[in-house]
Number of protein chains: 2
Amino acid sequence: MADKARRPRAFEEVLLQVERRIADDGLRVGDRLPGERQLAEQLQVSRASVREALRVLETLGVVSSQAGRGPDAGAVLTSRPDSALTGLLRLSLGLSSLTMREVIDTRLMIERWSAEQAARRAAPEPSGAMGEAMRAMEAAGSAEEFVEHDIAFHMAIAEASGNRLIEAVMRALRDAMRRYAIEAVERLGDTGVLREDHRRIHAAITSGDAAGAADAVTAHLAHAYPELL
Amino acid sequence: MADKARRPRAFEEVLLQVERRIADDGLRVGDRLPGERQLAEQLQVSRASVREALRVLETLGVVSSQAGRGPDAGAVLTSRPDSALTGLLRLSLGLSSLTMREVIDTRLMIERWSAEQAARRAAPEPSGAMGEAMRAMEAAGSAEEFVEHDIAFHMAIAEASGNRLIEAVMRALRDAMRRYAIEAVERLGDTGVLREDHRRIHAAITSGDAAGAADAVTAHLAHAYPELL
DNA sequence: CCTGGAGTATGGTCTGACCATACCCGGCAC
DNA sequence: GTGCCGGGTATGGTCAGACCATACTCCAGG
């Protein structure tokens, strides 16, 4: 007999219906969902079940709830995948179901790819975010501060890749491993090597040297996490 | 005054406490959380709020709830990040906040990397999962069936990379784009090119040819999604 | 020793109430 | 007429308590 496939829970039904409505009605970011009470009546479930479904959607970064009244109130469709990914990774690391090695390897894969893409596009770098982050790192007074600007530097590369999915994953990775990165910097003591790496990466990208950028990224991570690579 | 930082909601407090407990008590996968009623009393919130928090954790793939009694009942810590990632991607695609191009590009990045890693490890492929999937694809009678085994083939590569995070992301990607993949196969009509690609990828990996495996993967995706690459 | 049913702990769901927030709008003061 | 101010109201946030469904535990009886 095998697959029992237990009766779906009420909130799962709500989830399906809402998802279907998003697809069928062509709802976009910024549109509003019906109120909790209204949704409950339409789907013949209790408001509590509707709320559980909305909580799931909120966790997935698909809706954002605001109390009160007016155009901004209620459950509004949004799109912020980062927070969900971050929570996911942080908890997975907390549960030791992922090793830091796996996270760093993933980061290496993403950063090599992003740097290559960014170098191929070459031109843009309109915001000058990478340069600004590099300057801020020079002036950083603590490991925390240094890492903060380091994240900004690497996120600028991910943004320059032009792929929002990869950018979101990268953001989540960095957020989840922030503490670990700070410890790594403290352990390292001198950040001179890292800053020099950044200069090389930046130079390779702005000069359009994709292969050089990828190699520089690889060397950089090896310097930052010698215990892993 | 700027940052109001509205009062945290009750379930968010529960979330924090549970997360803290996981870290402090060193809880591992398989351990159980207190019952909903007990948690509600300990944290001085209603059971509804506890349930909303648990629903979030379940969404993130951190706990799994089972009714009834006994060792397997209650909220058990698990680790299945795939489902959360899948929902996230599926909804993001539904909301058009991600394009298929971004998803395919990400897939290309992951598959190239996985194939390279798998080739470097070379030896294993103990389960013969790749070969089995290839045989099943030969016998497939419909696009749906073909894609199902195609997913199995590519997941076998991701598994062979040895990185569970990347494997989880890959699983989510394939699940979220299943429908799109089926349509692509139907549009293509003849799967001969794809099957030949699979053979080349498999041969490169088993012979330890990392660069060849990566190139074969790139060619494969270009054949499958000519409109994008 | 085995078997079956009562007991019970757990999640799943519903109801109905009340609070907090924030817009909307009408009326009042100027 | 203009402006402010306060009630009305729709929305999410929270709670308490009840009942149902499920599945293990344990003990009585064969």
Side-chain angles (χ1 to χ4, degrees), chain A residues 1-18 21 27 30-78 80, chain B residues 1-18 27 30-78 80 83:
Chain A
M1 290 307 108
D3 53 339
K4 270 285 294 296
R6 73 165 186 284
R7 180 165 55 88
R9 293 177 284 187
F11 85 91
E12 292 173 321
E13 184 59 28
V14 176
L15 227 35
L16 278 179
Q17 292 302 323
V18 171
R21 181 172 304 203
L27 298 185
D31 292 343
R32 285 178 53 184
L33 256 40
E36 296 180 355
R37 293 167 178 83
Q38 192 178 339
L39 216 43
E41 192 187 4
Q42 288 177 14
L43 303 179
Q44 289 292 295
V45 297
S46 75
R47 201 180 145 209
S49 296
V50 170
R51 283 182 62 80
E52 291 190 16
L54 288 177
R55 200 92 309 136
V56 170
L57 291 175
E58 198 177 310
T59 301
L60 292 176
V62 172
V63 309
S64 164
S65 290
Q66 278 294 317
R69 203 172 151 156
D72 283 6
V76 180
L77 289 176
T78 64
R80 37 181 75 260
Chain B
M1 288 306 107
D3 53 339
K4 271 286 291 299
R6 72 166 187 283
R7 179 166 54 88
R9 292 176 284 185
F11 85 90
E12 292 172 321
E13 184 59 28
V14 176
L15 227 35
L16 279 178
Q17 292 301 323
V18 171
L27 297 184
D31 292 343
R32 285 178 52 183
L33 256 40
E36 297 180 355
R37 294 166 178 84
Q38 194 178 338
L39 260 181
E41 192 186 4
Q42 288 177 14
L43 303 179
Q44 289 292 295
V45 297
S46 74
R47 200 179 148 211
S49 296
V50 170
R51 281 182 63 80
E52 291 190 17
L54 288 178
R55 200 90 309 134
V56 170
L57 291 175
E58 198 177 308
T59 301
L60 292 175
V62 173
V63 309
S64 164
S65 291
Q66 277 294 317
R69 207 175 149 153
D72 283 7
V76 180
L77 289 176
T78 64
R80 38 180 70 262
S83 57

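We name chains A, B, ... by the order of the sequence lines, and we start the count at 1 in each one.
- Remark: Leu54(A) CG to Leu39(A) CG distance equals 6.5 Å, nearest 0.5 Å.
- Ranking dG13(D), dG12(C), dT10(C) by closeness to the Arg32(B) side chain, first place goes to dT10(C).
- Side-chain contact between Val18(B) and Val62(B): absent, with no pair of heavy atoms (C-beta onward) separated by less than 4.5 Å.
- One can place CZ of Phe11(A) at 16 Å from C1' of dC14(C), the figure rounded to the nearest angstrom.
- Annotation: of the two residues near DNA chain C, Gln44(A) and Pro34(B), the 5′-most nearest-nucleotide partner is Pro34(B).
- Listed nucleotides dC14(C), dC23(C), dC15(D) differ in distance to Ser46(B); the shortest reach to its side chain belongs to dC15(D).
- What separates CD of Gln66(A) from P of dA20(C) is a distance of 17 Å, to the nearest Å.
- Comparing atom distances between the Arg51(B) side chain and each of dT13(C), dC15(D), dT11(D) picks out dT13(C) as nearest.
- dC14(C) atom C1' lies 17 Å from atom CD of Glu13(A), rounded to whole Å.
- Looking only at atom types and distance, the side chain of Gln42(A) has a donor-acceptor partner in the side chain of Arg21(A) under 3.5 Å away.
- Across the protein-nucleic acid pair, Leu54(B) atom CG and dG11(C) atom P stand 8 Å apart, rounded to whole Å.
- Distances shown here put a side-chain N or O of Arg55(A) below 4.0 Å from the OP1 or OP2 atom of dG13(D).
- Within a 6.0 Å radius of CZ in Arg47(B), more than 12 heavy atoms belonging to other residues, nucleotides or ligands are found.
- Interface remark: the Arg47(A) side chain does form a donor-acceptor pair with the dG13(D) base, using a distance-only criterion of under 3.5 Å.
- Mapped onto DNA chain C by nearest heavy atom, Arg69(B) and Leu33(B) fall at different nucleotides, with Arg69(B) at the one closer to the 5' end.
- As rounded to whole Å, 14 Å separates atom C1' of dT22(D) from atom CD of Glu36(B).
- Rounded to an integer number of Å, the gap from Leu39(A) CG to dG12(D) C1' is 13 Å.
- Ala73(A) comes within 4.0 angstrom of nothing in the nucleic acid, heavy atoms only.
- Among the atoms of the strands shown, base atoms are found under 4.0 Å from some heavy atom of Gly68(B).
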For this session: Give the intermediate values and the outcome of salt bridge (charged side-chain N to carboxylate O under 4.0 Å, His left out) for residues Glu12(B) and Arg9(B).
Result: CA-CA 5 Å; Glu12(B) 292 172 321; Arg9(B) 292 176 284 185; 3.6 Å; yes

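- Here dT15(C) presents its C1' atom at 14 Å from CD of Glu41(A), a figure rounded to the nearest Å.
- In the set dC14(C), dC15(D), dT10(C), dC15(D) carries the atom at the smallest distance from any side-chain atom of Val45(B).
- Atom CD in Glu58(B) sits about 11 Å away from atom C1' in dG12(C), given to the nearest Å.
- A donor N or O paired with an acceptor N or O is found under 3.5 Å between the base of dG11(C) and the side-chain atoms of Arg37(B).
- Contact between the side-chain N/O atoms of Ser49(A) and the OP1/OP2 oxygens of dC14(C) is found at a separation under 4.0 Å.
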